[in-house]
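Worksheet: one structure, shown below.
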Amino acid sequence: MTEDGAVASVEARLGYHFRRTHLLREALTHRSAAHQRSGGAGRRGRQPAALRGAGSNERLEFIGDRVLGLLMAEWLLERFPDEQEGALGPRHAHLVSRPVLAAVAGALDLTEALDVAEHEARAGVRQVANVLADAVEAILGAMYLDGGLEPARRFVRSAWNDAIIAQAHPPKDPKTALQEWVLARGQPLPSYRTVLVDGPSHAPRFVIAVAAAGQSGEGEAGSKRAAESAAAADLLRRIG
């Protein structure tokens, strides 16, 4: 599919026509593709930190993350007028989480529309959940910059409708659930360890490991707290 064809196809699935189509193209551009087009690091070695990721969807992802957070908070306040922060917080955290974002990307069939470097495409980067989740946030950022909050709001309330309906009760934070599980069995509290921190300052990536009851789990996210929750969720899945 041509680049213009991919953009038109994504627009049709979004139900929104971009006035500035370059924003959608940027939202669909993975860092590897932007780096490949720029000729890599060049003759003098690595790019300056301020330029890394230039031309990719990282800047749009940055603003899209905030747009999603705001619109989801707004929607939750409307939908659950009697709930307080203690219940709304876990709902919000789940709905903006990487797995839910990746599921939205899957429903939009974004895989083939993503512009990635050839070697990354061969490695299967288009199927990586974090890459798909980042693209959804970037698309939201692009919609906001192109048309304001209203088209972004319409998209969120359509794409996340099934996920929010499925939340009959506030989900329990995985860290809390894991702590309750080990305490109920007389086990020591879970131990969290930072495995890796990388990525640009505006879009860091944390990898956290957790150990409890003789087993371990690992999680990855854009903040330490979210990565710890992802690690706890991974360990809970392992222990059933």
Side-chain angles (χ1 to χ4, degrees), residues 1-14 16-69 96 98-99 101-147 151-152 155 159 196-207 220-223 226-227:
M1 185 182 294
T2 66
E3 184 177 336
D4 287 343
V7 166
S9 179
V10 172
E11 282 185 325
R13 293 193 290 274
L14 291 173
Y16 177 74
H17 179 70
F18 280 80
R19 290 172 293 180
R20 293 179 286 170
T21 56
H22 70 89
L23 286 171
L24 181 54
R25 289 192 183 94
E26 184 177 329
L28 296 170
T29 301
H30 185 253
R31 179 180 185 147
S32 63
H35 186 70
Q36 182 173 268
R37 280 197 287 271
S38 70
R43 296 180 180 178
R44 298 191 178 187
R46 300 182 65 187
Q47 287 181 307
L51 296 179
R52 291 174 202 156
S56 75
N57 61 11
E58 290 181 357
R59 284 172 59 85
L60 291 175
E61 176 202 343
F62 171 76
I63 191 168
D65 173 68
R66 276 70 181 172
V67 170
L68 176 59
V96 302
R98 302 276 101 180
L101 281 160
V104 169
L108 289 171
D109 196 20
L110 288 184
T111 304
E112 292 306 315
L114 291 179
D115 183 12
V116 304
E118 293 178 7
H119 68 282
E120 292 283 17
R122 291 193 297 270
V125 75
R126 286 192 176 99
Q127 285 76 39
V128 175
N130 276 350
V131 171
L132 292 168
D134 291 346
V136 171
E137 288 182 334
I139 288 172
L140 266 172
M143 293 177 79
Y144 167 72
L145 292 176
D146 190 67
F155 168 58
L196 177 68
V197 181
D198 70 358
S201 59
H202 70 273
R205 181 174 70 101
F206 293 83
V207 178
E220 177 182 331
S223 72

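Everything numeric in this text was worked out from a predicted model, so none of it was measured.
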Quick one: does any side-chain atom of Arg13 pair with a main-chain N or O of Leu108 as donor and acceptor, under 3.5 Å?
yes
Quick one: pull up [atom1] in [X] and [atom2] in [Y] and give me the separation to the nearest 0.5 Å.
X: Arg31; Y: Asp134; atom1: CZ; atom2: CG; value: 11.0 Å
X: His119; Y: Ser32; atom1: NE2; atom2: OG; value: 5.5 Å
X: Leu145; Y: Leu24; atom1: CG; atom2: CG; value: 12.5 Å
X: Glu58; Y: Glu26; atom1: CD; atom2: CD; value: 10.5 Å

What pair of heavy atoms forms the shortest contact from [X] to [Y], and how long is it?
X: Ala142; Y: Ala27; value: CB-CB, 4.2 Å
X: Arg19; Y: Gly147; value: NH2-CA, 3.6 Å
X: Ala135; Y: Leu110; value: CB-CD1, 4.3 Å
X: Ala34; Y: Thr29; value: N-CG2, 4.1 Å
X: Val116; Y: Ala121; value: CG2-CB, 3.6 Å

With the side chain counted from C-beta on, respond yes when [X] and [Y] share a heavy-atom pair under 4.5 Å apart, and no when they do not.
X: Leu28; Y: Ile139; answer: yes
X: Leu101; Y: Leu68; answer: yes
X: Leu23; Y: Met143; answer: no

Answer with yes or no whether the side chains of Arg25 and Thr21 bring together a donor and an acceptor at under 3.5 Å.
yes
Give the table of side-chain donor-acceptor pairs shorter than 3.5 Å for residues 124-133, with sequence neighbours excluded, one pair per line with atom names and distance.
| residue | atom | partner | partner atom | Å |
| --- | --- | --- | --- | --- |
| Arg126 | NE | Thr111 | O | 3.3 |
| Arg126 | NE | Leu114 | O | 3.0 |
| Arg126 | NH2 | Leu114 | O | 3.1 |
| Asn130 | ND2 | Glu220 | OE2 | 2.6 |

Those residues that, when tested against Tyr16, pass ring pair (Phe, Tyr, Trp, His ring centres under 6.0 Å) (two or more places apart)
Phe18
